A.B. asks: 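Can you keep this structure in mind? I'll have questions shortly.
Everything numeric in this text was worked out from a predicted model, so none of it was measured. Every number for a ligand or one of its atoms is a count from 1 in the order of the listing.
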Amino acid sequence: MEKRNNFGSKLGIILAAAGSAVGLGNVWRFPTETGSHGGAAFILIYVVCVIVLGIPVMLSEFVIGRSTHANTIDAYRRLAPRSGWIVQGYLGVFAAFIILSYYSVVAGWTMKYLTTAVVGGVSRISDPASYYTAFTSNAWWPIIFTALVLLITHIIVVRGVQNGIERFSKLLMPLLFIIITVLVVCSMMMPGAKEGLRFLLHPDFSKITADTLLSALGQAFFSLSLAMGCLCTYASYFRDDANLTRTAVSVVSIDTLVAIMCGFIIFPAVFSVQEITPDAGPGLVFITLPSVFQMAFDGAPILGYIFALLFYLLLIVAAITSTISLHETITAFLHERGLSRRAAAWIVTSSCLVLGIFCSLSFGPMKDFRPFFGLGFFDAFDFLSAKIIMPIGGIIISLFAGWRLDKKLVRDQVTNGGKLRAPLFGLYRFIIRWVAPTLITLVLLNELGVFSHK
Ligand code: TRP
């Protein structure tokens with residue numbers, strides 16, 4: 001059998017995994033959730049969720065991936081032959097499929113906004129809401145941009161783990177950091193930024209409800225790319241001397257830092273333009289921000305131009321490093337089933353494009369076609385993956401790592417065969433066996449509406 005390619009360096013591993021984690025979830029979804037759940041209080045709870053659950057579940061995925069050095073389906077097959085656990089492998093690949101399909105559509109919108117920003121068009125949009133609706137409901141353009149996103153992803157994935165994924169992550173992640181830092185500074189200098197800072201830094205504990213907690217947990221899983229086989233697939237390319245705990249802690253820290261920094265970009269800007277409220281919802285980055293760019297920099301349009309350009313560049317870079325990981329999860333599976341990497345990648349790209357076309361059309365010509373319990377393609381894919389499969393996957397992974405996997409195997413992976421110390425191993429075991437399955441079950445029930453009394 002041909003030798004499996006691995007990541008070349010420790011930094012490469014961290015940047016690639018962080019690239020998977022940092023995405024639209026940080027720049028787009030995190031500020032939206034923070035805005036609609038009261039700001040600072042939400043952030044505080046989010047950070048607790050990420051530390052208590054995010055790190056242990058990520059570590060478990062790393063253990064599963066690296067101990068087998070196989071794609072996510074074969075990983076479960078090898079660790080638990082002839083058992084039902086393999087369901088998690090299939091669930092992961094299936095979820096990666098549908099996430100990639102709808103995620104590419106939003107990434108495509110970002111690409112469109114970036115091209116508009118390049119020619120200075122963002123500041124000329126007179127009515128951002130109708131611009132957004134007109135574009136997303138168009139039959140052709142969003143599909144062309146979706147195809148472009150998939151094609152770029154395809155080209156990187158086909159080049160392989162070291163030459164494609166690792167190399168581009170090492171290039172794109174530092175770029176991402178530079179852009180974020182510049183934007184945070186710009187945003188802080190806007191008039192009225194103080195209001196935004198207060199919103200982000202002074203927790204109003206009366207805003208915390210069960211829903212806040214459960215939304216924070218759901219957001220943490222999405223943002224960290226957990227429970228879908230992505231990180232498990234990446235971990236299968238880790239070398240045997242990689243320190244899994246340290247990698248998990250680094251990736252979680254980078255992802256959380258980026259999310260919070262994006263909050264510091266968006267809210268000071270939003271508050272400096274007073275007629276706009278922070279809970280504007282998913283339209284925040286496509287509808288609210290263009291108005292912010294225009295109003296906040298009324299006197300200095302060149303600053304508005306730069307801000308808009310950098311912002312959409314940030315969004316697309318973050319999105320592409322995530323689509324790569326989703327693509328790779330499926331491509332690796334097909335490839336290890338005997339297809340060439342190129343053929344496998346083409347199958348993934350073209351089938352996701354077909355599904356992506358349906359997702360895109362569900363904003364326009366197919367708006368009234370709602371075959372999934374009243375939901376159109378896009379909303380159904382989002383709901384199914386982020387709200388149903390993700391928690392189910394989280395529960396299965398925790399139970400698998402906590403109860404099915406041999407304790408010695410896990411310890412060996414975490415300590416690299418006794419070379420590293422693992423003082424918190426007992427705590428990890430306790431969380432992964434008891435706390436994680438319980439809390440994630442609550443998230444699932446909440447998302448299914450079991451606790452809602454509205
Ligand atoms: N975590 C990415 C984001 O924040 C999205 C993502 C990539 C993802 N791979 C995933 C989400 C796997 C869930 C599962 O945008």
A.B. asks: List every atom of ligand 1 that sits less than 4.0 Å from any heavy atom of S322, numbering the atoms from 1 in the order shown and giving each element.
C.D. replies: 2 (C), 7 (C)
A.B. asks: Taking the six-membered ring where the residue is Trp, are the ring centres of W85 and F400 under 6.0 Å apart?
C.D. replies: yes
A.B. asks: Side chain or backbone, does L224 bring an N or O within less than 3.5 Å of an N or O on ligand 1?
C.D. replies: no
A.B. asks: What atoms of ligand 1 come within less than 4.0 Å of a heavy atom belonging to I99?
C.D. replies: 13 (C), 14 (C)
A.B. asks: Heavy-atom distance to atom 14 (C) of ligand 1: which of M228, Q219, M390, R29 wins?
C.D. replies: M228
A.B. asks: So, S322 side chain and S20 main chain: donor-acceptor pair closer than 3.5 Å or not?
C.D. replies: yes
A.B. asks: Hey, is D382 close enough to K387 for a salt bridge, meaning N to O under 4.0 Å?
C.D. replies: no
A.B. asks: Write out the residue and atom name of the closest protein heavy atom to atom 15 (O) of ligand 1, then the distance separating them to 0.1 Å.
C.D. replies: Y103 OH, 2.5 Å
A.B. asks: Would you check if the side chain of R66 reaches a backbone N or O of Y234 as a donor-acceptor pair within less than 3.5 Å?
C.D. replies: no
A.B. asks: Starting from atom 11 (C) of ligand 1, what is the nearest protein heavy atom, named by residue and atom, and what distance separates them?
C.D. replies: F222 O, 3.4 Å
A.B. asks: Please identify which atoms of ligand 1 are closer than 4.0 Å to at least one heavy atom of L24.
C.D. replies: 15 (O)
A.B. asks: Quick test: of every protein heavy atom, which one is nearest to atom 9 (N) of ligand 1, and how far off is it to 0.1 Å?
C.D. replies: S225 OG, 3.3 Å
A.B. asks: Could you check whether any side-chain N or O of T181 sits under 3.5 Å from a backbone N or O of F177, counting only pairs where one atom can act as donor and the other as acceptor?
C.D. replies: yes
A.B. asks: Distance under 6.0 Å and angle within 45° of the ring axis: does R239 meet both against F7?
C.D. replies: no
A.B. asks: Indicate yes or no: does E328 engage R341 in a salt bridge with an N to O separation below 4.0 Å.
C.D. replies: yes
A.B. asks: What is the nearest protein non-hydrogen atom to atom 4 (O) of ligand 1, stated with its residue, atom name and distance?
C.D. replies: A21 O, 2.9 Å
